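Worksheet for the structure shown next.
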Amino acid sequence: MLWVKAFHIVFVAAWFAGLFYMPRIFVNLAMVPPDSHAERERLLLMGHKLYRFMSLLMVPALALGLTLWLYFGIGRAPGNYWLHAKLLLVLGAVAYHFICRAILRSFELLANRRSHRWYRVFNEVSVLLFAGIVVLVVVKPI
């Protein structure tokens, strides 16, 4: 079980590193001047590569987490409401992951209408999700 837990932590941390960085690419894309096609294309390429890599990291992170829960029984004891809250935040992280894909697509289609400031705030959502998940797992406050 400890090997599964260790690899779960590694893949979750790596996946969230991507979730932390993707909105930084959006900030830069939102600041690209309209006539700077090469810079825009370079940032879009970076975004696509990062998204693909993040997706490859998300799958084992979720699979290992499900293994810990369903096979090893982590959090299945009565009164473990911290796991319910954690699963809710994990669903939020998965939704955030797919929202990043939609935003990347909007930049690709030249349909972005948000400012770089909006993406700077959007960037903090992943930090809050990660902090909430870590606190729930370590402290188990509920």
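The basis for the numbers below is simple: all heavy atoms, side chains too, and nothing from hydrogens, waters or symmetry mates. From a predicted model like this one, the values you see are computed outputs, not experimental measurements.
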Evaluate side-chain contact (heavy atoms from CB on, under 4.5 Å) for R24 paired with L50, printing each intermediate quantity in order.
CA-CA 11 Å; R24 295 301 308 160; L50 178 59; over 6 Å; no
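- Inter-residue side-chain proximity for L83 and V137 is flagged as unmet; no heavy-atom pair is nearer than 4.5 Å.
- One distance of note links CG of L87 with CD1 of I133; it measures 9.5 Å at 0.5 Å rounding.
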Could you check L29 against N112 for side-chain contact (heavy atoms from CB on, under 4.5 Å), going step by step and ending with a plain yes or no?
CA-CA 9 Å; L29 276 165; N112 175 57; over 6 Å; no
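- The minimum heavy-atom distance between S36 and V32, with the atom names listed, is O-CG1, 3.6 Å.
- More than 12 heavy atoms of other residues, nucleotides or ligands lie within 6.0 Å of CZ in F20, so this atom counts as buried by the packing criterion.
- Counting non-hydrogen atoms of neighbouring residues, nucleotides and ligands closer than 6.0 angstrom, the CZ atom of F72 exceeds 12 such neighbours.
- Nearest heavy-atom pair across L136 and K86 is CD1-N, 3.6 Å.
- In this structure, E39 CD and L44 CG are separated by 10.5 Å, a value rounded to the nearest 0.5 Å.
- Counted by atom type alone, R120 and H116 present one or more donor-acceptor pairs between their side chains at under 3.5 Å.
- We find the CZ-CD1 distance between R42 and I25 to be 9.5 Å, quoted to the nearest 0.5 Å.
- Between I74 and M1, the closest side-chain pair of non-hydrogen atoms falls below 4.5 Å.
- Side chains of L45 and E41 form no contact here, defined as non-hydrogen atoms less than 4.5 Å apart.
- Checking V138, V139, V135, I142 one by one against W82, the side-chain contact (heavy atoms from CB on, under 4.5 Å) holds for a single residue, I142.
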Can you list the steps and then say if L64 with W69 is a side-chain contact (heavy atoms from CB on, under 4.5 Å)?
CA-CA 9 Å; L64 291 166; W69 178 34; over 6 Å; no
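- Separation of atoms CD1 (I99) and CG (L104) is listed at 13.5 Å; rounding is to 0.5 Å.
- In plain terms, the two heavy atoms of W15 and A61 that are nearest each other are CE3-CB, 4.4 Å.
- Remark: R105 engages E108 in a salt bridge (charged side-chain N to carboxylate O under 4.0 Å, His left out) (not counting sequence neighbours).
- Tested against M22 for a side-chain contact (heavy atoms from CB on, under 4.5 Å), the candidates M54, M46, R101, H97 yield a single pass: M54.
- Note on L88 and V134: separate hydrophobic clusters, where clusters join Ile, Leu, Val, Met, Phe, Trp and Tyr whose side-chain heavy atoms are under 4.5 Å apart, directly or indirectly.
- Of the possible donor and acceptor atoms, none in the side chain of R114 sits under 3.5 Å from a partner among the backbone N and O of A30.
- Using cut-offs of 30° and 60° for the angle between ring planes, the F11 and F7 rings count as tilted.
- In this pair, F122 and Y96 present their aromatic rings parallel. The plane angle is below 30°, not in the 30 to 60° band.
- Across all non-hydrogen atoms, the minimal contact from N123 to L19 is OD1-O, 4.4 Å.
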Determine, stepwise, if the pair Y119 / N28 fulfils side-chain contact (heavy atoms from CB on, under 4.5 Å).
CA-CA 9 Å; Y119 291 111; N28 291 328; over 6 Å; no
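- Residue-environment remark: CH2 (W118) exceeds the threshold of 12 foreign heavy atoms within 6.0 Å.
- If you chain together hydrophobic residues whose side chains sit under 4.5 Å apart, Y71 and L66 fall into the same group.
- In this pair, F16 and F130 present their aromatic rings tilted. The plane angle is within the 30 to 60° band.
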